[in-house]
Protein chains: 2
Amino acid sequence: MTSVDEPARSNGRTRDAARTQAEILDVATREFARVGYAGARVDDIAARTSTTKRMIYYYFGGKEQLFTAVLERAYGVIREAEQRLDVEHLDPVAAIRRLAELTFDHHEQHPDFIRLVSIENIHEAEHIAASEKLGRIGSPALDVIRRILAAGRESGLFTAEVDAVDLHAMISSFCFFRVANRHTFGALFGRDLVDPAQREHYRTMLGDMVIAYLTAERTGG
Amino acid sequence: MTSVDEPARSNGRTRDAARTQAEILDVATREFARVGYAGARVDDIAARTSTTKRMIYYYFGGKEQLFTAVLERAYGVIREAEQRLDVEHLDPVAAIRRLAELTFDHHEQHPDFIRLVSIENIHEAEHIAASEKLGRIGSPALDVIRRILAAGRESGLFTAEVDAVDLHAMISSFCFFRVANRHTFGALFGRDLVDPAQREHYRTMLGDMVIAYLTAERTGG
DNA sequence: TGACTAACTTACCAGTTCGTACATTAGCCA
DNA sequence: TGGCTAATGTACGAACTGGTAAGTTAGTCA
């Protein structure tokens with residue numbers, strides 16, 4: 001396949017800094033998600049790319065910075081997805097349910113990201129804290145929740161005191177746990193939380209839970 | 001400092017297999033929880049005990065088996081605590097709320113255990129799966145939930161189709177997430193989920209959520 | 001077209017890390 | 001009280017692992 005005309009590539013590919021970096025990030029993401037930060041091996045990551053270990057140090061500086069770069073890109077993908085959220089044309093109840101479902105879907109579709117977050121928590125979020133790109137990045141979903149809650153309160157459907165960050169935590173908890181802890185949960189209780197046959201069941205359960213919470217009459221004062 | 005009379009214990013302690021093993025497990029639990037399985041160093045664990053690395057291999061066989069032993073003991077502690085649950089004298093609504101609160105407290109009081117569970121999930125629960133003591137161990141809390149749900153259904157207070165394992169997952173999700181993900185959540189949203197000043201707030205929120213879910217009228221059919 | 005720089009490769013090292021061979025001793029029991 | 005065994009300590013090594021020194025090549029631009 002190597003044609004004579006093409007400008008002299010040593011092994012079938014030309015030099016391309018962006019592509020090399022992207023490939024390293026792809027592989028590193030998989031490896032860090034698979035075995036954790038300490039469990040990942042720079043040599044292994046390099047071996048799984050079409051480039052060499054030296055390039056990791058050339059572009060990223062070291063293992064630690066590579067992990068930070070992986071986190072930065074992963075969170076960037078999440079942010080982008082959240083920016084595409086389009087639920088505010090619905091009434092508040094339907095909008096929150098839809099938002100919860102999309103969060104649910106998103107967690108299910110990005111198990112590697114979930115694992116990276118777990119791993120970063122084991123390291124007490126030190127890489128996020130050290131990253132300029134990631135400190136207090138917030139979340140577009142949060143703004144959406146804020147607006148829906150305001151609309152829900154105005155229409156009198158939702159309990160007044162619910163906070164957007166708290167609701168985000170509530171929704172995320174369920175979605176995160178289901179993916180992150182599926183292995184221990186499955187081993188201990190014999191139930192696969194990510195079983196496709198149960199998917200609709202848990203998706204509905206999450207929506208029911210959140211809506212029930214938001215629309216319930218509080219007893220206490 | 002070494003006196004001549006004393007029956008020659010080299011450094012002030014007698015031989016005691018049980019104590020040595022327990023000490024190793026204590027230290028190993030802290031270390032594994034602190035830096036993960038791959039991040040933990042056998043030499044470091046040994047250095048933090050009053051015995052030597054040789055003893056770890058003598059009693060446990062290796063790093064992998066030591067981690068499994070740590071998990072087995074940690075889950076044992078949880079089981080014991082759950083066996084002391086005493087909520088069934090309450091009416092179903094109060095009982096579930098109380099159970100949720102105790103689960104909440106328990107997660108807060110055992111952050112090391114939470115971290116070990118996160119770590120074991122990164123390893124896809126392979127140690128639990130390989131352990132004779134831990135496979136399908138279930139949970140005493142589950143039986144309690146089952147009985148309360150039955151009582152709640154009979155009295156007509158609870159929605160009929162709620163499953164005990166699912167409810168356990170729902171309660172655990174919130175409690176687990178709050179402790180396990182507090183670092184990334186705090187770094188990204190500037191809110192400490194484990195802030196003592198917010199403790200009552202989140203504890204109430206969990207109870208409200210679960211009760212709202214259980215007592216809500218389902219719309220769908 | 002030739003020199004300059006970014007992109008890349010190879011080979012290697014120093015420190016680490018799990019594990020073990022070997023030596024020793026405390027304490028119990030006949 | 002003396003011997004036996006579980007318990008313990010010391011020293012070491014082979015493989016691994018993050019990181020780097022030194023050199024090479026592709027592509028671009030004056």
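By convention in this document, chain letters (A, B, ...) are assigned in the order of the sequence lines, proteins followed by strands, and residues within each chain are numbered from 1.
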Is [X] close enough to [N] that one of its side-chain N or O atoms is under 4.0 Å from OP1 or OP2 there?
{"X": "A:T51", "N": "C:dA7", "answer": "no"}
{"X": "A:T52", "N": "C:dC8", "answer": "no"}
{"X": "A:T20", "N": "C:dC8", "answer": "yes"}

Would you be so kind as to tabulate the donor-acceptor pairs closer than 3.5 Å made by side chains of residues 166-174 of chain B, with sequence neighbours excluded?
from, atom 1, to, atom 2, distance (Å)
B:D166, OD1, A:R191, NH1, 3.1
B:D166, OD1, A:Y202, OH, 2.6
B:D166, OD2, A:H201, NE2, 2.6
B:S172, OG, B:H168, O, 2.8
B:S173, OG, B:A169, O, 2.6

May I have the distance from [X] (atom [atom1]) to [N] (atom [atom2]), rounded to whole angstrom?
{"X": "B:R19", "N": "D:dT8", "atom1": "CZ", "atom2": "C1'", "value": "13 Å"}
{"X": "A:I45", "N": "D:dT17", "atom1": "CD1", "atom2": "P", "value": "12 Å"}
{"X": "B:D16", "N": "D:dA7", "atom1": "CG", "atom2": "P", "value": "9 Å"}
{"X": "A:F60", "N": "D:dG19", "atom1": "CZ", "atom2": "P", "value": "14 Å"}
{"X": "A:E23", "N": "C:dC8", "atom1": "CD", "atom2": "P", "value": "10 Å"}
{"X": "B:I56", "N": "D:dG9", "atom1": "CD1", "atom2": "P", "value": "12 Å"}
{"X": "A:M55", "N": "C:dT10", "atom1": "CE", "atom2": "P", "value": "11 Å"}
{"X": "A:Y58", "N": "D:dT20", "atom1": "OH", "atom2": "C1'", "value": "15 Å"}

Side-chain (A:R178) to main-chain (A:L193) donor-acceptor, under 3.5 angstrom: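 Yes, A:R178 side chain to A:L193 backbone: donor-acceptor pair under 3.5 Å.
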Applying a 4.0 Å non-hydrogen cut-off, can you work out what B:Y59 is touching in the nucleic acid: base, sugar-phosphate, or nothing?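 Result for B:Y59 = sugar-phosphate.
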By side-chain contact (heavy atoms from CB on, under 4.5 Å), which residues pair with [X], not counting sequence neighbours?
{"X": "B:F60", "result": "B:Q21, B:I24, B:L25, B:L66, B:A69"}
{"X": "A:I122", "result": "B:R115, B:S118, B:I119"}
{"X": "B:R146", "result": "B:L142, B:D143, B:A164"}

How would you summarise protein contacts on nucleotides 11-21 of chain C per nucleotide, using B for base, S for sugar-phosphate only and - for none, with heavy-atom distances below 4.0 Å? ------SBBBB
In short, side-chain hydrogen bond (donor to acceptor under 3.5 Å, both in side chains) pairs touching residues 30-39 of chain B with sequence neighbours left out are B:E31-B:R34, B:E31-B:R48, B:Y37-B:E64
